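This report refers to the structure that appears directly beneath it.
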Amino acid sequence: QVQLVESGGGLVQAGVSLRLSCAASGRTFSNYAMGWFRQAPGKEREFVAGITGNGITTYYADSVKGRFTISRDNAKYTVYLQMNSLKPEDTAVYYCARSRYSGPNYYANAGSYDYWGQGTQVTVSS
């Protein structure tokens, strides 16, 4: 079974940075686009960032553009989310997910992803 394990979350003050990692199982990792989503209490899960299987193209929610960077190292079966200039509104559980596709197909839709990690908590205080 495909497994995705997130790490790197924590409690930080506004303005600082965190780097989340998602370690994936599966030797066909590079065939699939990957995404980061987040969910705050009482809110729906929302798209944060996505990256194509080859790592060439990335996508971001408007709320994180210019602050967050998604990347991947296919040799290490790992996808990253570098989060800079964190704001209290970034507080959420962050989930890593594997897309059903290799390209940009419905990248911002949770239904496009077939495997999900357990999530890692990011809390940003002001």
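Predicted model only: the values in this text are computed from it and were never measured. Heads up: numbering here begins at 1 and tracks the sequence.
Taking every heavy atom of both residues into account, Gly8 and Leu20 meet most closely at C-CD2, 3.5 Å. Contact between Arg98 and Val2 at its shortest, heavy atoms only, is NH1-CG2, 3.6 Å. Taking every heavy atom of both residues into account, Cys96 and Met34 meet most closely at SG-CE, 3.5 Å. When all heavy atoms of Phe47 and Ala108 are compared, the closest pair comes out as CB-O, 3.5 Å. What you find for Ala92 and Tyr94 is that their closest heavy atoms are O-CD1, 3.4 Å. For the pair Trp116 and Arg45, the tightest heavy-atom approach, listed with the atom from each and the gap, is CE3-NH1, 3.4 Å.
Judged purely by atom type and a 3.5 angstrom limit, Thr91 uses its side chain to pair as donor or acceptor with the backbone of Val124. Without hydrogens or angle criteria, Glu6 side chain to Gly119 main chain gives a donor-acceptor distance under 3.5 Å. A donor-acceptor contact shorter than 3.5 Å links the side chain of Ser112 to the backbone of Tyr106. Distance alone, capped at 3.5 Å, places no donor-acceptor pair between the Thr57 side chain and the Thr52 backbone. At distances below 3.5 Å, not a single donor-acceptor pair connects side-chain atoms of Arg72 with backbone N or O atoms of Gly55. The backbone N or O of Gly111 sits nowhere less than 3.5 Å from a side-chain atom of Asn109 that would complete a donor-acceptor pair. Checking side-chain atoms of Ser126 against main-chain N and O of Pro88 turns up no donor-acceptor pair under 3.5 Å.
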Checklist entry - Should Tyr101 and Asp114 be marked as a side-chain contact (heavy atoms from CB on, under 4.5 Å) after you check the CA-CA gap, both sets of side-chain angles, and the distance that decides it? => result CA-CA 10 Å; Tyr101 317 104; Asp114 55 0; over 6 Å; no
Item to check | Residue pair Asp90, Lys87: steps toward the salt bridge (Lys or Arg N to Asp or Glu O under 4.0 Å) verdict | outcome: CA-CA 5 Å; Asp90 294 319; Lys87 304 175 181 179; over 6 Å; no
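A heavy-atom distance below 4.5 Å is not found between the side chains of Tyr77 and Leu4. Contact of the Tyr107 side chain with the Tyr113 side chain is registered, since non-hydrogen atoms from C-beta on lie closer than 4.5 Å. Residues Trp36 and Met83 are not in side-chain contact: their nearest non-hydrogen atoms beyond the backbone lie 4.5 Å or more apart. Two residues are said to be in side-chain contact when any heavy atoms from C-beta on lie closer than 4.5 Å; Arg38 and Val64 meet this criterion.
Atom CG of Leu18 is separated from atom CD of Gln82 by 8.5 Å, given to the nearest 0.5 angstrom. For the atom pair OG of Ser71 and CG of Leu81, the computed distance is 8.5 Å after rounding to the nearest 0.5 Å. Atom OH of Tyr95 is separated from atom CD of Gln39 by 5.5 Å, given to the nearest 0.5 angstrom. Rounded to the nearest 0.5 angstrom, Asn84 CG and Thr69 OG1 are separated by 6.5 Å.
Hydrophobic clustering keeps Tyr80 apart from Phe37 (ILVMFWY residues linked when any side-chain heavy atoms are closer than 4.5 Å, directly or through intermediates). Val122 and Phe68 fall within the same hydrophobic cluster, defined by Ile, Leu, Val, Met, Phe, Trp and Tyr side-chain heavy atoms under 4.5 Å apart, directly or through other members.
Side-chain polar atoms of Asn31 and Ser102 form no donor-acceptor pair below 3.5 angstrom.
Around atom CD of Gln3, no more than 12 heavy atoms belonging to other residues, nucleotides or ligands sit under 6.0 Å away.
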